[in-house]
Protein chains: 2
Amino acid sequence: MSRWQPDAKGRLAKAALELYCERGYEQTTVAEIAGRAGLTERTFFRHYADKREVLFDGTAALQELFTSAVAAAPEEAAPIEAVAAGLEAVCASFAGRTEFARRRHFVIAATAELRERELIKLATLASALAATLRRRGVPEPAAGLTAEAGVAVFRIGFERWVAPGEDRELAQVVRECLAGLRTAVGAA
Amino acid sequence: MSRWQPDAKGRLAKAALELYCERGYEQTTVAEIAGRAGLTERTFFRHYADKREVLFDGTAALQELFTSAVAAAPEEAAPIEAVAAGLEAVCASFAGRTEFARRRHFVIAATAELRERELIKLATLASALAATLRRRGVPEPAAGLTAEAGVAVFRIGFERWVAPGEDRELAQVVRECLAGLRTAVGAA
DNA sequence: CAGGCGATGTCAGCGACTGCCATCGCGTTA
DNA sequence: TAACGCGATGGCAGTCGCTGACATCGCCTG
């Protein structure tokens, strides 16, 4: 049992989610997370900037996926259509991870500190989307607004998807939300 | 020099904004804020829940103003029209506070921790707006989406308004953003 | 003038986070 | 094969945000 078990970062993330579920985020200390992963508190902070970040490791990849899909949309597609293509790609990436997504979502929803972190991740995503749209020739403020709208559609759709009783695909729920936004905002 | 100078809470807020501007949020300790206000660290935490909250004391009033205006919109007004009325009311409340708004905004924009707090305040505002719209008979997900869109319009408009070189009224900039959103999302 | 009461001060302590240095395990190279 | 470099980890001390418990102060009321 060497000092270096493989995948220290992943073990920390797994231990953290477990403990946050079991006894709550605030009642869990970093030392406890590290202990369950067979590491020390100091090492935890070498892998994750803070106690919250351990739940948000995948967001960079999600952003990359979203922006790539938007950039790859047909050149003649309207901004909102390009965003819709990005939403499809992101939704597809959640296939087979429903249970993980649910557990993670409810931990975050239960803690104000974690919701704050989630919101800034989504804001960063919106910024990246806006930049991608600008690169497609969309002017401001349309680029920023369309990006914000796209993220809002994803967030609200995601929340509906993880709610108990919902059994449709994530993509389907998100599509419905996008249609709802068009109706609500577009109708004069 | 009694123990109780008037308006301890206001003095703390003033001292905090000054220090955050002078040397930055992270380089300022709560003890320093309290010291400048002639109080102790412990007393700071009796007035504000944490070091961030001292910059967000006005948000509750802003939310009240916004939702009241939405609720007071003509019954036959479409959801987005009611939100537009709320935006007008909120914009008007910034009259004469341009300089304060600017200083506060740039401090927040410069610090990730403060941006997080701002985002959750805006999210709370969006929730309250959605609830107000539902009370007007707007169904989900239109209520939530319209509320999100309204907050995004305000935020983006506000950012443009505080930017150097901008000399129009806040209300005017926000109106322009709302029109931009309609065009971007409504155009199929 | 006594007592109540709210605002403040004092103190001890926990937990998040950081800097610094020592240690360990592995691969490279002479 | 032995010395070396190097990245990952541990240990430790220290700062700071934040909290609970208790004492103190000043005002107000009876």
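In this text the structure is predicted, and so the values were computed from the model without any measurement. Below, read A as the first sequence line, B as the second, and so on, with proteins coming before strands; counting in each chain starts at 1.
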Test: ring pair (Phe, Tyr, Trp, His ring centres under 6.0 Å). Region: residues 124-157 of chain A. Which pairs qualify, not counting sequence neighbours?
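Sorted result for residues 124-157 of chain A: A/F154-A/F158.
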Could you state the [atom1]-[atom2] distance from [X] to [N], rounded to the nearest angstrom?
X	N	atom1	atom2	answer
A/D50	C/dT18	CG	P	8 Å
B/Q27	D/dT15	CD	P	16 Å
B/D7	C/dA7	CG	C1'	14 Å
B/L12	C/dG9	CG	C1'	14 Å
A/L39	C/dC24	CG	C1'	14 Å
B/E41	D/dT15	CD	P	14 Å
A/L19	C/dA16	CG	P	12 Å
A/Y48	D/dA8	OH	C1'	15 Å

Should [X] be listed as having a side-chain N or O under 4.0 Å from OP1 or OP2 of [N]?
X	N	answer
A/H47	D/dT9	yes
B/R52	D/dC18	yes
B/T40	C/dT8	no
B/T43	C/dG9	yes
B/R46	C/dT10	no

Do the side chains of A/E99 and A/R97 get close enough for a salt bridge, i.e. N-O under 4.0 angstrom?
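Not counted as a salt bridge, because no side-chain N and carboxylate O are separated by less than 4.0 Å.
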Is there a donor-acceptor pair closer than 3.5 Å between any side-chain N or O of B/R102 and the backbone N or O of B/V162?
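Such a contact is found between B/R102 side chain and B/V162 backbone.
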Under a 3.5 Å distance rule, please check whether A/K14 uses its side chain to pair with a backbone N or O of A/A37 as donor and acceptor.
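A pair under 3.5 Å: no.
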Quick one: label B/A49 by what it contacts on the DNA or RNA (base, sugar-phosphate, nothing), any heavy atom closer than 4.0 Å.
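Touches sugar-phosphate only.
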Sugar-phosphate only, base, or nothing, as touched by B/A31 at under 4.0 Å among non-hydrogen atoms
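Result for B/A31 = nothing.
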Closest-nucleotide ordering on DNA chain C, the 5'-leading residue of B/K9 and A/T28
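Nearer the 5' end of the strand: B/K9.
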Do A/L133 and A/V83 come close enough that some side-chain heavy atom pair is under 4.5 Å?
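Of all side-chain heavy-atom pairs linking A/V83 with A/L133, at least one is under 4.5 Å.
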Side chain of B/R42, heavy atoms from C-beta onward: which of D/dG10, D/dA21, C/dG19 has the nearest atom to it?
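Closest nucleotide to the B/R42 side chain: D/dA21.
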Minimum-distance nucleotide to A/F45 side chain [options: D/dG11, D/dC18, C/dA16]:
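The listed nucleotide nearest to A/F45's side chain is C/dA16.
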